[in-house]
Amino acid sequence: MKHNKLVAALVFLAFFSSNYSHSQENDLIKPNIIIFYADDLGWQDVELNDLDEPCAWDTPNIKELAKDAINFTNGYSPAPTCAPSRCAILTGLHPAKTGITNVSGGKIPKAHRSSQYISPYFPEGLMPEHFTIAEALKMNGYKTGHVGKWHAGHLKIQSSTNQGFDFAHESRGAHQGPKGKNNRTNFFATHDEDDKYQLSEEKYFPFTKESPNGISYPKDAVTENALQFIKDNKEEPFFLYLAHWMVHYPIHTKNRELLQYYCDKLGVDFPTEDVPMTSGGQTNPYFGAMVTTLDWSLGRVVDLLKTTDDPRNPGKKLYETTYIFFSSDNGGAEQRKTEIMSDNAPLDKGKKYTEEGGIRVPMLISGPNISKGQTQDMLINQLDYFPTILNLTNSQIPSEYSADFDGLDISEVLLEGKSEVKDNNGNVREDLWWHYPYGLEHQNQSAIRSGDYKLYKKFMTGEYLLYRLYKNGKRHDLEEQHNIAKEEPTIVKALSEKLEQYIKDYDAKLPYKEPSKFKSDKNVAAIPVIATNTFNAASRTATVQLEQGKSKVIESYALVKISDPVKRTNKGKKKKVRSTYLKVPVNISNNGLEFSYSVPEEAIEHGLILIDENRFMVKSEFKKVK
């Protein structure tokens with residue numbers, strides 16, 4: 001088990017090195033770490049990077065934190081969707097390396113009803129063998145807490161407390177939407193003592209003519225548990241991963257006063273019926289209220305840090321001894337069904353796209369000895385957090401983990417004001433890349449950002465697209481509206497070679513053809529055909545035999561289904577249990593026609609996946625194990 005390995009590593013920690021030797025030169029005793037991770041918060045949803053039209057949403061606490069932080073204007077998430085970014089930030093590994101490249105994984109691959117292609121299999125989340133930043137810091141004497149959204153696996157073995165966190169609180173808090181007869185026009189918090197979301201006696205922004213002293217906010221269990229974790233663990237160094245549910249759909253607020261404030265600010269009537277908000281731009285008062293509530297939550301955390309003494313560092317407040325990493329899991333979600341939530345303009349597109357609107361995110365880093373109120377435009381990825389935090393905390397981990405990181409230590413940028421990010425060999429970072437083989441043709445692509453340029457590879461057509469975002473340090477085509485691939489063949493060649501090498505080195509999975517949707521393809525007749533499919537219960541070995549004379553199989557793997565233990569209610573009925581499919585290796589005969597694999601004891605179902613040389617996917621029958 002991984003945890004036994006960690007205990008051994010802790011005992012013999014002195015024998016290992018993290019490979020990050022540049023530590024801060026100060027007299028702090030183990031600084032604290034907070035990652036404040038928003039959900040679906042766009043680059044233009046905060047008052048940091050206003051371009052063209054100012055941001056319509058008020059974020060006074062984010063603006064205030066920026067005065068003590070470095071604002072990374074070219075800060076990126078590892079992926080354009082939630083789960084892969086969260087798993088990446090926790091492990092320091094690129095989504096293509098963990099294989100977790102989208103949300104809702106652990107399923108048998110199948111084609112979307114409107115697509116000819118099958119998206120590749122990907123696991124649902126992290127398994128115990130993954131090594132997380134929580135485990136790393138726990139090895140080095142930190143108390144670790146996770147509050148908010150996990151989304152890194154639903155099975156019990158994938159839970160946050162099985163991934164290095166001492167404390168976890170994962171309810172939705174004030175993000176919980178209305179149910180039953182309630183809707184978002186009447187589901188508002190009150191001052192009643194029996195109200196689960198009782199409004200605060202304390203007053204906060206905004207300060208209006210009607211409420212010159214500020215307004216009340218509904219009780220938010222996410223925020224309250226984060227504050228309590230800090231209070232309970234201030235005697236020791238702590239790591240808090242505060243992963244907010246906001247501003248993810250559903251779009252609503254329990255704060256009537258705040259909703260009224262945004263209706264007044266935007267010049268719209270207070271809603272009297274629950275209908276989608278469909279006006280364009282940043283004009284949805286519900287969404288504005290969510291952004292400001294998220295900002296309020298950050299303000300509560302910062303205020304506690306500023307007013308609480310650090311018992312381990314006499315004479316200092318916790319704010320002076322804590323590094324805060326503020327960002328979002330992916331770019332802004334602009335629309336869901338007919339409801340328009342926000343607008344990422346001038347960035348193109350949003351969540352679920354590798355265009356700038358889907359991956360460029362707000363990013364602030366503050367803390368001891370970090371430059372205050374600075375702006376930096378070098379390329380930064382949230383994958384950089386893990387190795388950087390190890391350095392900032394002078395933490396050591398076994399080299400087998402640190403050597404595998406895909407991010408870089410940016411401590412010199414934070415503490416010394418360096419203008420370049422370098423790897424351990426002194427090489428300057430030149431590019432970042434993303435992999436998203438999902439969705440329809442206009443989404444299904446990989447991308448690479450290198451200097452001023454951004455190149456895409458469209459998987460379904462093989463086409464490369466090239467855009468020049470900046471020119472001579474100034475904004476040029478940030479909107480990504482002018483494909484210059486034909487005009488710049490040399491740049492296309494250089495960047496496409498880099499991107500193809502990344503895809504190859506990381507064994508990044510690509511979409512496959514669904515045989516039933518390519519009936520006119522000349523290669524359909526050669527698709528592999530399964531002759532026999534047997535299972536030996538005694539040896540728990542499954543064997544699949546193919547017919548001769550068909551196309552060659554170039555990729556194969558088995559999927560086995562596992563689940564949490566079955567539990568029953570007081571009345572004896574089975575409770576709903578979580579389950580997922582895991583990938584297991586396959587043995588292939590010399591003639592390439594026989595495939596066998598072992599079915600683990602805990603598996604309840606299994607089957608084989610084959611990919612032929614023409615990229616057609618063939619699936620065996622999935623059989624249940626008694």
Side-chain angles (χ1 to χ4, degrees), residues 36 38 40-76 204-209 211 214-215 246-247 251 253 255 257-269 277-299 302 326-328 330-335 339-351 355-364 366 372-377 469-470 473-481:
F36 192 104
D40 290 359
L41 185 71
W43 193 67
Q44 289 290 79
D45 284 333
V46 297
E47 296 177 286
L48 291 178
N49 306 303
D50 284 343
L51 293 178
D52 303 334
E53 296 296 324
C55 176
W57 320 131
D58 293 298
T59 54
N61 294 296
I62 294 172
K63 283 174 61 178
E64 189 66 24
L65 180 62
K67 295 178 182 178
D68 290 336
I70 297 178
N71 175 23
F72 290 99
T73 60
N74 282 277
Y76 288 93
Y204 305 92
F205 177 92
F207 308 99
T208 66
K209 183 178 179 180
S211 302
I215 68 172
M246 295 185 185
V247 291
I251 306 305
T253 180
N255 193 330
E257 276 193 282
L258 190 55
L259 181 61
Q260 182 68 64
Y261 167 78
Y262 271 107
C263 288
D264 294 341
K265 180 177 180 177
L266 298 170
V268 300
D269 293 333
M277 296 286 177
T278 57
S279 56
Q282 293 182 327
T283 59
N284 188 328
Y286 289 108
F287 189 83
M290 290 182 73
V291 173
T292 298
T293 301
L294 177 80
D295 178 84
W296 164 84
S297 180
L298 174 68
V302 170
F326 169 83
S327 197
S328 175
N330 46 249
E334 294 183 311
Q335 186 170 344
E339 174 132 20
I340 295 175
M341 294 178 269
S342 191
D343 193 338
N344 295 319
L347 304 186
D348 189 30
K349 298 186 173 60
K351 180 180 180 179
E355 278 79 4
E356 290 294 284
I359 54 175
R360 193 186 288 213
V361 290
M363 187 179 293
L364 296 174
S366 69
K372 296 181 182 293
Q374 298 294 309
T375 298
Q376 292 280 15
D377 61 2
L469 308 184
Y470 298 94
K474 296 183 179 180
R475 172 180 167 184
H476 183 63
D477 183 23
L478 195 56
E479 297 85 350
E480 299 180 272
Q481 296 300 302

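Just the heavy atoms: all of them, side chains too, but no hydrogens, waters or symmetry mates, feed the values below.
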ask   = Hey, is D52 close enough to R475 for a salt bridge, meaning N to O under 4.0 Å?
value =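 Looking at R475 together with D52, the answer is yes, because their closest N to O distance falls below 4.0 Å.
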Using a 4.5 Å cut-off on heavy atoms from C-beta on, say whether the side chain of [Y] contacts that of [X].
X: F207; Y: Y261; answer: no
X: L347; Y: R360; answer: yes
X: N71; Y: Q376; answer: no
X: N61; Y: V302; answer: no
X: F287; Y: D45; answer: yes
X: D348; Y: E479; answer: no
X: L364; Y: I70; answer: no
X: K265; Y: P206; answer: no

Tell me the closest heavy-atom pair linking [X] and [Y], and the distance in Å.
X: Y76; Y: V361; value: C-CG2, 3.9 Å
X: D40; Y: S328; value: N-OG, 3.6 Å
X: T283; Y: G280; value: OG1-O, 2.9 Å
X: N344; Y: G332; value: ND2-O, 3.1 Å
X: A38; Y: L294; value: CB-CD2, 3.7 Å

Quick one: pull up [atom1] in [X] and [atom2] in [Y] and give me the separation to the nearest 0.5 Å.
X: D295; Y: D58; atom1: CG; atom2: CG; result: 8.5 Å
X: S342; Y: Q44; atom1: OG; atom2: CD; result: 9.0 Å
X: I340; Y: N284; atom1: CD1; atom2: CG; result: 9.0 Å
X: M290; Y: N255; atom1: CE; atom2: CG; result: 12.5 Å

ask   = Where do Y262 and T292 land on the side-chain hydrogen bond (donor to acceptor under 3.5 Å, both in side chains) test, with the steps shown first?
value = CA-CA 10 Å; Y262 271 107; T292 298; 2.5 Å; yes
message = The criterion is side chain to side chain donor-acceptor pair (under 3.5 Å); which residues satisfy it with D269, sequence neighbours excluded?
response =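 Per chain and number, D269 pairs via side chain to side chain donor-acceptor pair (under 3.5 Å) with no residue.
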task = Indicate whether the side chain of Q260 and that of D264 have a donor and an acceptor atom separated by less than 3.5 Å.
result =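 Short answer, yes.
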